[in-house]
Amino acid sequence: MYTGWEPEELAADPATAAALDGADAVITGRYRAGRPTRLAWRGSANQRLVTRTALGRERYAPYLDHRPERPDLQVQVSEGEVRVIGVPRPGDLGRIERDLVRRGVTLRETSWRP
């Protein structure tokens, strides 16, 4: 679960803490564009992968410090929508957009641009 919050903020709010009860692992910290990272599943170097359960430790421990050569991205195309799932590196979204245009796909709007 991506929180976008710092650990202290998560612990300070009982409703938020309760919402995390079912999470095996969470990513804490706000995304900071000026602090890129190659750590798996994190968009910026200040974000942390925190395991919360035995299952979370079993599944996610190998990824705590994992730095893949390229991030895993999924691109799904269905019912007139294109979804990019994962944490892209700088420039990845532009490359995907250009490739889609070359293939004849017209994007009406994008969620990654204001």
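Keep in mind the model is a prediction, meaning the values are calculated, not measured.
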Spacing of CZ belonging to R32 relative to CG belonging to N46, to within rounding of 0.5 Å: 5.5 Å
Closest non-hydrogen atom pair, A45 against P36: CB-O, 3.9 Å
Any donor-acceptor N/O pair, Q47 side chain to S44 backbone, under 3.5 Å: yes
Partners passing salt bridge (charged side-chain N to carboxylate O under 4.0 Å, His left out) against E69 (at least two apart in sequence or in another chain): none
What donor-acceptor contacts under 3.5 angstrom involve side-chain atoms of residues 8-20, with partners at least two apart or in another chain?
residue : atom : partner : partner atom : Å
E9      : OE1  : E6      : N            : 2.7
E9      : OE1  : R30     : NH1          : 2.9
E9      : OE1  : R30     : NH2          : 3.2
E9      : OE2  : R30     : NH2          : 2.8
D13     : OD2  : T16     : N            : 3.4
D13     : OD2  : T16     : OG1          : 2.5

side-chain hydrogen bond (donor to acceptor under 3.5 Å, both in side chains) contacts in which one or both residues fall within residues 49-59, not counting sequence neighbours: D24-T53
CD on Q76 to CD on Q74, rounded to 0.5 Å: 6.0 Å
Single-linkage hydrophobic cluster V101~V82, side-chain heavy atoms < 4.5 angstrom: no
Y60 and W41 aromatic ring geometry - parallel, tilted or perpendicular at 30°/60° bounds: perpendicular
Any pair counted as ring pair (Phe, Tyr, Trp, His ring centres under 6.0 Å), so long as it reaches residues 85-109, sequence neighbours left out: none
Shared hydrophobic cluster for I27 and L64 (ILVMFWY, side-chain gaps under 4.5 Å): yes
Any donor-acceptor N/O pair, R42 side chain to A40 backbone, under 3.5 Å: yes
Shortest non-hydrogen contact between P7 and T28, atoms and distance: CG-OG1, 3.9 Å
With sequence neighbours excluded, residues passing salt bridge (charged side-chain N to carboxylate O under 4.0 Å, His left out) with R98: none
Shared hydrophobic cluster for V105 and L93 (ILVMFWY, side-chain gaps under 4.5 Å): yes
Partners meeting ring pair (Phe, Tyr, Trp, His ring centres under 6.0 Å) with Y2 (sequence neighbours left out): none
Salt bridge present between R103 and D99 (N-O < 4.0 angstrom): yes
Worked check of side-chain contact (heavy atoms from CB on, under 4.5 Å) between I96 and L73: CA-CA 11 Å; I96 291 169; L73 291 179; 4.2 Å; yes
pair L49-L39: side-chain heavy atoms closer than 4.5 Å: no
